[in-house]
Amino acid sequence: MELRPCGGTVQTDIDPRSLIGRKAFDRNGAKIGTVDEVYLDDATGVPEWAAVRTGLFGRDAFVPLEPSEVVDDTLRVPFERSLIKDAPDFGVGRHLSPEQELQLYHHYGLDVILPSEFQHAAPPPTRKRRRDAGRPAGGG
């Protein structure tokens, strides 16, 4: 399974293309930036990650779309701005490897259930299902 650009049918209650360009705010209401890309799971079409442009000369910071939510035309990310800005920088517009996605899950302290090839290096499985990563949505 890989993440793919948005373009086909998406099994979610919000079109991930509509997230691009929305302002993103942290748990305290501080502005993080603007959603630049959305990454979808190839197998399910579910949006997994958003890349948020953190400033005019800033970089994109990946934020998890679960447990984030859309509120009043903004993306509300339930983490501190400092944690988001310190997220690993993988660049946007290209594949996230499964290892990179795992780094992001760990950075945000999200629980992960890994495919069998990664279980030897992982803690015991917990609530969140891990999916292999891939390409951004909206990138063509």
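Computed over heavy atoms, backbone and side chain alike; hydrogens, waters and symmetry mates excluded. A quick note: this is a predicted structure, and the numbers were derived from the prediction, not measured.
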Side-chain donor/acceptor of Asp60 to backbone N/O of Phe62, under 3.5 Å | no
Are Trp49 and Tyr105 an aromatic pair by the rule of ring centers under 6.0 Å?
-> yes
What are the two closest heavy atoms between [X] and [Y], and how far apart are they?
{"X": "Tyr39", "Y": "Gly91", "answer": "OH-O, 4.1 Å"}
{"X": "Pro67", "Y": "Leu110", "answer": "CD-CD2, 4.4 Å"}
{"X": "Val38", "Y": "Pro47", "answer": "CG1-CB, 4.0 Å"}
{"X": "Lys85", "Y": "Ile32", "answer": "CE-O, 4.4 Å"}
{"X": "Arg59", "Y": "Pro88", "answer": "NH1-O, 4.1 Å"}

Give a yes or no on whether Val63 and Phe25 share a hydrophobic cluster (residues Ile, Leu, Val, Met, Phe, Trp, Tyr; joining criterion: side-chain heavy atoms under 4.5 Å apart).
-> no
Below 4.5 Å, heavy atoms only, C-beta onward: do Arg53 and Val35 meet side chain to side chain?
-> no
Close side-chain approach of Leu104 and Leu96, heavy atoms under 4.5 Å =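 Sidechains of Leu96 and Leu104: in contact.
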Worked check of side chain to side chain contact (heavy atoms under 4.5 Å, CB included) between Glu48 and Glu101 | CA-CA 10 Å; Glu48 292 277 328; Glu101 190 179 13; 3.7 Å; yes
From [atom1] ([X]) to [atom2] ([Y]), nearest 0.5 Å:
{"X": "Leu19", "Y": "Asp36", "atom1": "CG", "atom2": "CG", "result": "12.5 Å"}
{"X": "Asp26", "Y": "Leu83", "atom1": "CG", "atom2": "CG", "result": "10.0 Å"}
{"X": "His107", "Y": "Gln100", "atom1": "NE2", "atom2": "CD", "result": "14.5 Å"}

How would you list, by chain and number, every residue that makes a side-chain hydrogen bond (donor to acceptor under 3.5 Å, both in side chains) with Thr34, sequence neighbours excluded?
->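 side-chain hydrogen bond (donor to acceptor under 3.5 Å, both in side chains) list for Thr34, sorted by chain: Lys23.
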Please table the atom pairs, donor to acceptor, closer than 3.5 Å between any side-chain atom in residues 73-81 and protein atoms at least two apart or in another chain.
residue : atom : partner : partner atom : Å
Thr74   : OG1  : Val71   : O            : 2.6
Thr74   : OG1  : Arg76   : NE           : 3.0
Glu80   : OE1  : Asn28   : ND2          : 3.0
Glu80   : OE2  : Asn28   : ND2          : 3.4
Arg81   : NE   : Lys31   : O            : 3.2

